[in-house]
Amino acid sequence: MSITDRAFIVAGSGQEGRRTPVGSSLVVGRGEGCDLVIRDLAASRRHLRIFRDNGVWRCRDLGSSNGTLVNGEPIESCRLADGDDIRIGATSLRFVLEAAAEPAPVPKTVFLQTVVDELGRSSAPPTSRPKELLEAAYTLMNSLATTFEACELVDSILSTTIRAVHAQRGAVLFAGEGFELRPCAVCGLVHTIQDGVASRVGLDRIAISGSVARQVLEGGESVLYRSARSDDDIDSSASIAALRLTSILCVPIRTRSEILGILYIDTDLADRDYTEDDMLLAAAAGNSAGLALDNARVHESLLAKQRVDQDIEAAWTIQESFLVGDWPTDDRRFEVFGLTRPARVVGGDFYDFARLDADHVGLLIGDVSGKGVPAALTMALLLAEFRLCATGAESTAEVLRRLNRRMVARSRRGTFCTVALVALNLRTGHVMAANAGHHPVLRIAPGRVASCLPASGPPLGILEDADWSDEETTVAPGETLLLYTDGIVEARRGANGGGADEEYGLAGLEKLALGRPGVSPNELVEAVLADVDAFCSPRTPHDDCTMIAFKLNGSGDG
């Protein structure tokens with residue numbers, strides 16, 4: 001018995017934290033698709049990967065925004081040892097190895113055996129036809145259970161069955177519409193064997209009994225013809241007579257719900273008749289082959305989905321680059337921070353921050369209708385066009401009018417977008433805002449929370465001649481403006497709290513903000529997300545959650 005290592009990740013310091021087995025690979029990050037999800041704002045959606053490479057455990061940073069520390073040192077890729085500390089922001093993960101007994105290998109066949117006489121002498125076991133058939137069936141089942149490539153599966157089905165029944169020749173054909181025979185959909189050819197030689201040929205080079213093949217496809221039952229030339233029923237088939245066949249074996253390749261095709265075997269040798277034992281083995285092969293081919297089809301679909309998921313992950317990385325990530329800290333007059341967390345890998349929520357001039361800043365938040373890739377593409381387009389529309393505009397309402405005309409001209413399938421745009425004077429605290437169907441802005445002051453700057457017109461992208469008005473207010477030093485999307489207020493309560501239809505609501509947001517007077521925008525956004533997660537637990541919010549918070553500290557030199 002050999003010894004191998006099992007790896008675990010223990011969250012927090014010490015060995016008593018939550019243990020997550022690594023398996024052969026483990027991805028850690030903030031995204032819901034990760035194997036280990038951590039709620040740390042310093043974590044990227046896919047932050048790092050732990051994996052085993054040629055017997056060595058390794059940790060690789062996946063291009064994260066804030067980096068990974070192993071034992072206090074920044075890494076891109078490094079070897080891991082038992083007890084190593086992995087740190088992401090404020091989150092500590094400990095890598096733990098444990099010895100595990102490796103089970104003894106399973107014999108390749110269950111038919112190894114020894115025959116011993118009364119004197120204790122061993123000899124080779126006698127061979128028999130049933131044993132040959134059973135061993136062939138086991139070999140076939142083992143092959144089908146470990147192969148997921150369709151062409152390779154068909155070759156294995158054919159070669160193993162032909163060898164087991166000592167057949168002269170055979171082919172695998174697939175069912176088309178109206179019981180029409182088709183070649184393999186993967187390679188476009190028919191898999192055949194004749195006199196022990198495997199080949200793939202065009203459908204026009206296959207000569208089989210069409211009447212037998214059709215009978216199997218239509219009836220779904222195996223067919224065995226022996227000594228065909230002496231059988232009155234067979235003589236009535238022109239195809240069998242023309243091919244001068246003496247024995248035919250044809251079985252369906254079936255799944256649970258359909259017949260995929262046929263396994264066809266025949267011979268024109270006068271001394272070779274296929275038997276009922278041959279038919280039973282071939283029928284078992286056909287049934288197993290159908291399930292295996294169905295599994296291969298599912299496996300290919302999963303691989304295709306995995307490739308799509310990887311493309312979407314890359315799309316999120318690109319989408320994330322459109323959003324502000326480096327928040328300004330060089331002006332003591334204000335603090336600002338924003339964050340988006342898509343319900344899927346990519347989403348349609350967005351935010352932006354701009355320094356308009358030395359004394360003016362702009363805040364933008366938006367929510368594109370729908371979810372996933374279509375919403376993400378629209379979001380990327382809107383962010384790019386927003387900068388163009390803001391150039392030279394005299395008011396926030398004028399920016400929305402320009403953006404709306406562009407969106408209506410390009411809109412497809414009823415896509416629209418809610419937007420709130422705020423411009424703020426850092427010296428006076430004066431605020432000008434235009435709101436296109438979005439939630440009001442939350443104004444947070446010590447001991448007081450209230451909504452302001454409500455929608456003055458419809459969402460963008462619906463009506464070409466829609467209009468909006470500029471709303472104005474003044475904020476005082478110490479006050480915070482919080483812009484948010486409906487994923488926050490419409491988050492539904494999880495099973496842990498009962499009342500699954502209850503929403504977090506504006507009341508929940510106001511209550512949390514009121515209980516955290518004077519906190520930084522970063523702390524406020526993080527606290528809201530944590531409160532929403534707790535409200536929805538054990539589920540996650542069903543919509544994208546996005547916020548941008550701005551705190552005015554007061555006039556100064558900046």
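Only heavy atoms go into these numbers, but all of them, side chains included; no hydrogens, no water, no symmetry mates.
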Requested in this report: State the CD-CZ distance between Glu523 and Phe337, to the nearest 0.5 angstrom.
Outcome: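 Going from the CD atom of Glu523 to the CZ atom of Phe337 covers 11.0 Å.
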
Requested in this report: First locate atom OG1 of Thr91, then atom CD1 of Ile86, and finally report the distance between them rounded to the nearest 0.5 Å.
Outcome: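 Answer for the OG1-CD1 pair, Thr91 versus Ile86, is 12.0 Å.
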
For the side chain of [X] and the backbone of [Y], is there at least one donor-acceptor N/O pair under 3.5 Å apart?
X	Y	answer
Asp84	Phe95	no
Ser44	Ser65	yes
Asp367	Asp349	no
His438	Asp486	no
Arg406	Ala409	no
Asp85	Asn71	no
Arg341	Gly31	no
Asn425	His360	no
Asn435	His439	yes

Requested in this report: Determine, step by step, whether Arg443 and Glu479 satisfy the salt bridge (charged side-chain N to carboxylate O under 4.0 Å, His left out) criterion, reporting the C-alpha distance in whole Å, the side-chain angles of both residues, the deciding distance to 0.1 Å, and the verdict.
Outcome: CA-CA 7 Å; Arg443 182 174 178 176; Glu479 292 187 342; 3.0 Å; yes

Requested in this report: Classify the ring geometry between Phe334 and Phe550 as parallel (under 30°), tilted (30 to 60°) or perpendicular (over 60°).
Outcome: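 Ring orientation of Phe334 relative to Phe550: parallel.
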
Query - Salt-bridge contact Lys511-Asp531 (side-chain N to carboxylate O under 4.0 Å) - result: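 Salt bridge flag = no for Asp531 with Lys511.
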
Query raised in the report: Among pairs that include at least one residue of residues 20-50, which meet ring-ring contact (aromatic ring centres under 6.0 Å, His included), considering only residues two or more places apart or in two chains?
Result: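 Matches after skipping sequence neighbours: none remain.
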
Query - Heavy atoms from other residues, nucleotides or ligands near CD of Glu76 exceed 12 (cutoff 6.0 Å) - result: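 No, because the 6.0 Å sphere around CD of Glu76 holds 12 heavy atoms or fewer from other groups.
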
**Report entry** Arg79 atom CZ, over 12 foreign heavy atoms within 6.0 Å
**Finding:**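 No.
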
**Report entry** Pairing residues for Glu510 by the side chain to side chain donor-acceptor pair (under 3.5 Å) criterion, not counting sequence neighbours
**Finding:**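 Checked Glu510 against side chain to side chain donor-acceptor pair (under 3.5 Å); zero matches.
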
Report task. Heavy atoms only: give me the nearest Asp61-Ile75 pair and the separation to one decimal. Result ->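 In terms of heavy atoms, the two residues are closest at CB-O, 3.8 Å.
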
Query raised in the report: Does NZ or CZ of Arg19 fall inside the cone over Phe8's six-membered ring, less than 6.0 Å from its centre and within 45° of the axis?
Result: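 Relative to the ring axis of Phe8, which defines the angle, Arg19 lies inside both limits.
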
Query - Qualifying residues under salt bridge (charged side-chain N to carboxylate O under 4.0 Å, His left out), relative to Glu398, sequence neighbours excluded - result: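 So Glu398 forms a salt bridge (charged side-chain N to carboxylate O under 4.0 Å, His left out) with Arg401, Arg402.
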
